[in-house]
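Keep in mind it's a predicted model, so treat the numbers as computed, not measured.
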Amino acid sequence: MARKLIAAGEAKLHEMGIASNIAIVDAQGFLIAYLRMDGAPLPSIEHAINKGDTGALFSASSASLGKDAQPGGSLYGLNITLHQRVIVFAGGEPLTHDEQVVGAVGISG
């Protein structure tokens, strides 16, 4: 399934003309599959993996955490936890099966 997700993501990104990094992680945030497309920015390697990690560990899209992670928000400082691996902007999405988080995808580019 992880390979199918990578292939689907790569096809869509090619269609959009965007070179990105795609990471698939398990429910605990450990890397299962990864692709760096030709021309994808190097800093985005870690961002893609960390976005997946964030989606899996928090059972939420990385973008949805952003508002509350701002100063004054209930999650302020979240992005500096877990060795600064938490990403609070778009690109990480949890993957569910039977309403359970089974992993996540992270895309950055």
Taking the side chain as every heavy atom from C-beta outward, state whether [X] and [Y] have any atom pair closer than 4.5 Å.
{"X": "Val25", "Y": "Ile32", "result": "no"}
{"X": "Arg36", "Y": "Leu42", "result": "yes"}
{"X": "Gln84", "Y": "Asn50", "result": "no"}
{"X": "Met37", "Y": "Asn21", "result": "no"}
{"X": "Leu65", "Y": "Thr54", "result": "yes"}
{"X": "Leu31", "Y": "Asp53", "result": "no"}
{"X": "Phe58", "Y": "Leu78", "result": "yes"}

Report summary line: One should read off an interatomic distance between Ile107 CD1 and Ser44 OG, to the nearest 0.5 angstrom, of 11.5 Å
Requested in this report: Measure the spacing between CG of Leu95 and CE of Met1 and express it to the nearest 0.5 Å.
Outcome: 9.5 Å
Verify, without hydrogens or angle tests, whether [X] (side chain) and [Y] (backbone) share a donor-acceptor contact under 3.5 angstrom.
{"X": "Gln100", "Y": "Thr96", "result": "no"}
{"X": "Ser61", "Y": "Glu93", "result": "no"}
{"X": "Asp68", "Y": "Tyr76", "result": "no"}

**Report entry** Qualifying residue, where the test is side chain to side chain donor-acceptor pair (under 3.5 Å) with Lys12 and the options are Glu15, Glu10, His14
**Finding:** Glu15
Shortest non-hydrogen separation from [X] to [Y] and the atoms involved:
{"X": "Ala2", "Y": "Ala33", "value": "CB-CB, 3.9 Å"}
{"X": "Ser108", "Y": "Ala48", "value": "CB-N, 3.6 Å"}
{"X": "Gly109", "Y": "Pro41", "value": "O-CG, 3.5 Å"}
{"X": "Ala27", "Y": "Leu57", "value": "O-CD2, 4.4 Å"}
{"X": "Ala104", "Y": "Gly55", "value": "CB-C, 3.9 Å"}
{"X": "Ser64", "Y": "Ala60", "value": "OG-CB, 3.6 Å"}

Query raised in the report: Would Phe30 and Leu35 show up in the same hydrophobic cluster when neighbours are defined by side-chain heavy atoms closer than 4.5 Å?
Result: no
**Report entry** Path from Val102 to Ile6 over hydrophobic side-chain contacts below 4.5 Å
**Finding:** yes
Requested in this report: Determine the sole option in Val88, Ile87, Val105 for which the side-chain contact (heavy atoms from CB on, under 4.5 Å) test with Lys51 is passed.
Outcome: Ile87
Report task. State whether the number of non-hydrogen atoms from other residues, nucleotides or ligands found under 6.0 Å of Ile18 atom CD1 is greater than 12. Result -> yes
Report task. With side chain to side chain contact (heavy atoms under 4.5 Å, CB included) as the test, would you mind laying out the steps for Tyr34 and Ile45 before giving the verdict? Result -> CA-CA 9 Å; Tyr34 174 81; Ile45 293 170; 3.2 Å; yes
